[in-house]
Each structure stands twice: as structure tokens, then as C-alpha cells.
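Single-structure report; data block below.
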Amino acid sequence: MPDHMPIGSCFLVLLSLVCCCDGTCPNMCLCISDAVSCSSTGLTKLPQFLPTFSITLDLSHNYIFYLGAGSFEKMPRLENLCLAHNQLTNMGEGVFQNASGLRFLDLSSNKLHVVEQQYFHGLWRLEELLLYNNKITQVESGMLNGLSSLKKLYLSLNQLTDFPFFTIQDNTHPFLTMLDLSSNRFSNLPWADIKALPTLVQRGLYLHNNSLLCNCAMYSMFWHWQVRNYDTLRDFADDHRCSIHGEMRASIKFLHHTQFFRNCTLEKPVSLPVTVYLSTVLVTEEDTISLDCQTSLKSTELSYTWLTPSRGYLTPASTNNSLITIFPNGTLEIQSVKVNDSGLYVCKAFDVKLGVNATRELNVTVSLPPPESFNTGYTTLLGCAVTMILILMYLYLTPCRCSSCKQPKPPSVTAYDPSSLSSVFTSSIRENKAYSDKHVAFLEPMMSPGVTEEWTQDS
Ligand SMILES: *[C@@H]1O[C@H](CO)[C@@H](O)[C@H](O)[C@H]1NC(C)=O
Ligand SMILES: *[C@@H]1O[C@H](CO)[C@@H](O)[C@H](O)[C@H]1NC(C)=O
Ligand SMILES: *[C@@H]1O[C@H](CO)[C@@H](O)[C@H](O)[C@H]1NC(C)=O
Ligand SMILES: *[C@@H]1O[C@H](CO)[C@@H](O)[C@H](O)[C@H]1NC(C)=O
Ligand SMILES: *[C@@H]1O[C@H](CO)[C@@H](O)[C@H](O)[C@H]1NC(C)=O
Ligand SMILES: *[C@@H]1O[C@H](CO)[C@@H](O)[C@H](O)[C@H]1NC(C)=O
Ligand SMILES: *[C@@H]1O[C@H](CO)[C@@H](O)[C@H](O)[C@H]1NC(C)=O
Ligand SMILES: *[C@@H]1O[C@H](CO)[C@@H](O)[C@H](O)[C@H]1NC(C)=O
């Protein structure tokens, strides 16, 4: 034991030395466990020593105007770095080298002019990058290279006229769901590149409050997004303006005033949003069921078709039978339902003007009224087994094997047998090809409980 003492104390001395240099908290900052805050301390440059084990570093609201190469290389555990509200005009090459653990980087409200392509090299874990409210006029085309974990990129309130959309692809930025380019100076954009962006990026692309030029290519893209009801458009409908012939005074809110674009040929969406809601309906025989066809489509001029398990396709025109009605709002009403009306009902609402379909599914189970429904297959089976045992006991335990004795009757099997019923239905389903195709297509949403919504990807 005593032999180990010198080694142990040596280690302790070493440790305290390490702690002494690395653990120093710059006196203007606040250091708490793994976080350091030097916010609003009048710093003009980075403090020389910062705790090396910090995960969060807040340098916001200072006067830092430059960051050189390897500024954070002694902080390998750094994940969150806030440099908002400083005076940065540019940064040295390799400023974030050896800080590859960064996940959140806030450079908003500075004075950056150009986002150079080497600034963020190596930050493959970076998820959020905030660059809004700078003076950025140019984003170099390699800037996003290697930022493969990026989820959100904010570039709003800058002076951009151009952006390298083509560098964003499904396989390069699979998690990107927010690209904020609002309040910049875009007038014309490479619409073909934007149309080729992954659907998730298009869905989170903010372009409002720019000085766009009114033309069909521009309108066609926004029309696409509007049909899909993207939040980016809905939330900022009034801030989407474009100028006619580049004349700033003649600017229109183009999501409201669409008559200017009436001569544009708008391609019908290639693949459309399909909404599937699955709900369950339980009724007893002879009830009247009323199945509504409420989908995500809001237009009042929709046409409806119903696919039913027992009667095939139904349209309003084909239901002139008093027991079955399809109302103008799509609701299907069936009076006096039978057990064989059970199964999956699929309603398709179709908006002819927009070329959009939406689907609603309802799983209807019609059961027999209570007395009969008690006699389920399970109790019948149990009854059979008990009877069988009684017969065997009777045959083997009674001395007299009298052939004239009355055989006990097996319990009567009622008309309702769920297993045979379901097989009747599956076979009728298989006969209907369209139906079975549907069934496969919606298998996924059907398995999840409650209301599900599925968006198809652009091809
Ligand atoms: C930074 O990383 C390089 C290799 O990527 C390494 O050679 C260098 O020692 C690191 N610097 C520090 C201070 O950790
Ligand atoms: C629109 O952008 C300008 C700068 O281009 C900015 O000053 C203004 O605040 C923005 N307006 C809105 C509503 O975002
Ligand atoms: C649209 O076409 C009509 C005739 O087809 C024409 O009179 C009108 O000026 C065109 N509108 C625009 C905005 O080009
Ligand atoms: C369903 O059952 C009823 C009797 O319960 C019968 O009249 C009707 O024809 C059956 N319908 C189908 C589609 O099998
Ligand atoms: C609807 O009723 C008309 C006559 O009342 C009949 O000729 C037609 O076949 C019926 N259509 C269907 C689908 O039952
Ligand atoms: C549709 O119309 C029918 C008959 O007018 C009505 O009973 C039903 O409640 C309506 N359904 C919806 C969802 O509005
Ligand atoms: C939408 O439904 C209509 C009518 O059933 C059909 O003709 C059309 O092909 C459907 N479109 C898509 C994209 O599924
Ligand atoms: C419909 O409901 C029945 C009984 O609740 C269930 O057995 C069946 O799996 C359901 N079908 C679908 C497609 O959800």
C-alpha cells in the first residue's frame, strides 16, 4: 500500500495543475458545471482561456469583430455556441476546426458579408445554424458541403440575391426541414432547382418578403405549395409579394390576387397529397349508419365515390335506392344494415379544379343484436368441448351400453360465426382487384391507431 502513495499523490498534483489552468473561469464570465456565459461583458475578442470541458458557450451581446483559425480548438466538447449580437464581419479560415461536436451555432445579428465555403467545414454534427440579420450578400456554393446533420438554416434578413439550391439533395442533407430565406433581395430564383429540392426542404422553405418578379414560373411553384397547404405560405400569405415588370410600386400580394396569372398554364401536381383517416364504427344489425367523408380537402365542390365491401363502388348517381344514399356533402347513409355490410369503407373525395384526391377509410363492424351476439364462436366451442366430455363420460362410466339411449344434442350453431364471415369477406375482397390494390396501399396507415395522415413524396 505505501508503495502506491507517491504515484497517487503525483497524480493528484498533476490533476490539480491541469484543473488550475483549464478550469479557470475568465473573471468577467459565469461558469456553471458544463456551461460558460460571457454574455454582455464588453468583450472585443475571445477570452484567452476558457474551461476546456464546456458544452455550452455564450458570447452573445459583445463587440467581438473577428475570430481566427482554431478559435475553439481547445474546447473539444463544445456543442452549443452563441455569438449572436456581435460585430463579426468575417472569420478566419478554419475558425471551427477541432470543434466538430458543434450542434447549435448562432451567428445571428452580426455584420458578416460573405458566407465562405470553408467556414463550417468539418461540422458534420451541426443541426442548427443561425445566420439571420447579418449583411450577407453572398453564400458561396460549397458552404453547405459536409453539413450532413443540418436540420435548420436561418438566413432571413440579409441581402441575398442568389442561393446555391442545387447543393441540397436528398442524400446530402437528409434532415434539412427548414431553410429560411425570407426578407432578402431575391428577385428571380432558379425555379427548376427549387422544384428539384427534397420535399421536406420545399415544405420548410421560407421565401416571403422578397422582391420577386411576377411570372408564371414563380407563380407555378407557389401554387404547388399552396395546393399542398404548406405552413410556410399559410402563415405568411400577406408577405408574399411580387412586382409586375420589376416595377416596385406595382407589387401585388400574389397568393391573394391570382387573376394576374390566369394565362399561366399550371401543371397539375404530379403526385398528390393523399389523406387517409381510419376510424372505427360499431353498430348492430338493422341500425342506420351515416358515414361521413371529411378529408383535408376544403373545397365545397368535391365529388365523391364510395367503395363498400358488400355493394362495390357507389356514386351519388348509382344510389337511387331508398336504403342507401350519398348526400352532396359526401356522407353515405345505409339504412337497416346487415352483418354482411361489415368491412372497410373507403371514400374518395376528388377536387377536379386542383386535381387533388383525398381518401377516408372507415372500418365498420355490424354485429347481431345482444342475445345472438352472446353466442360467439368461442362459447360455442367451449359448449362443444363440454358436451364431448359429457358424452365420453356417459359412454365409458355407465355400465349399460344401451344403443337405444337418446344422444344428447350438440348445441345449435347460430347463423353468426365470425370466422366464416371474415372468410366470406376476404374472398369477396379478393375478387375485386381495385379493392385489393387499395388494401395493400393503405396497409401502413391502417395499422396505426386513430387518425393518420400521409403525404406522398414528389417523384
Ligand atoms: C486538431 O485536429 C488536428 C487533426 O484534425 C490535430 O492534428 C490537432 O492536434 C488538433 N488540435 C488540437 C488543439 O486538439
Ligand atoms: C421585410 O424585409 C425588410 C428588409 O428586406 C425588413 O426591413 C422588414 O422588416 C421585413 N418585413 C417583415 C414583415 O418581415
Ligand atoms: C391573358 O390572355 C388574354 C387573351 O387570351 C389577354 O387579353 C390578356 O392580356 C392576357 N393577360 C396577361 C396578364 O397576359
Ligand atoms: C346480406 O344478407 C342479407 C340477409 O341478411 C341478404 O338479403 C343480402 O342479400 C346479403 N347481401 C349480400 C351482398 O350478400
Ligand atoms: C336508378 O333508377 C332508375 C329508374 O328509377 C333505373 O332505371 C336505374 O337502373 C337505377 N340505377 C341504379 C344504379 O340502380
Ligand atoms: C351531410 O348531409 C347530411 C344530410 O343533409 C347530414 O345528415 C350530415 O350530417 C352531413 N354531414 C356532415 C359531415 O356535414
Ligand atoms: C383521383 O381520383 C380520380 C377519380 O377516382 C382518378 O381518376 C384520378 O386518377 C385520381 N388521381 C390520382 C392522382 O390518384
Ligand atoms: C376492423 O374492425 C374489426 C373488429 O373491430 C377488426 O377485427 C379488423 O381487424 C379491423 N380491420 C381493419 C382493417 O382495421
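Order of appearance sets the numbers: ligands from 1, and atoms from 1 within every ligand. Computed from a prediction, not measured in an experiment: that's the story for all the values here.
Among the candidates F165, F222, Y219, F186, the single residue satisfying the ring-ring contact (aromatic ring centres under 6.0 Å, His included) test with W191 is F222.
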Return all side-chain donor-acceptor pairs below 3.5 angstrom for residues 154-161, not counting sequence neighbours, or 'none' if the list is empty.
from : atom 1 : to   : atom 2 : distance (Å)
S156 : OG     : S182 : O      : 3.2
S156 : OG     : S182 : OG     : 3.0
N158 : OD1    : N134 : N      : 3.0
N158 : OD1    : K135 : N      : 3.4
N158 : OD1    : I136 : N      : 3.0
N158 : ND2    : L131 : O      : 3.0
N158 : ND2    : L155 : O      : 3.0
N158 : ND2    : S156 : O      : 3.2

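Between D341 and K338, none of the side-chain N atoms (NZ, or NE/NH1/NH2) sits under 4.0 Å from a carboxylate O, so this pair counts as no salt bridge.
Applying the side chain to side chain donor-acceptor pair (under 3.5 Å) definition to pairs two or more places apart or across chains, none involves residues 138-150.
Annotation: ligand 6 has protein neighbours D292, Q294, F327, N329, T331, each with a heavy atom less than 4.0 angstrom from the ligand.
Any N or O atom pair closer than 3.5 Å counts here, and N209 shares at least one such pair with ligand 2.
Looking at residues two or more places apart in sequence or on another chain, you find no side-chain hydrogen bond (donor to acceptor under 3.5 Å, both in side chains) involving K45.
Taking the six-membered ring for Trp and thresholds of 30 and 60 degrees, H208 and F236 have nearly parallel ring planes, at less than 30 degrees apart.
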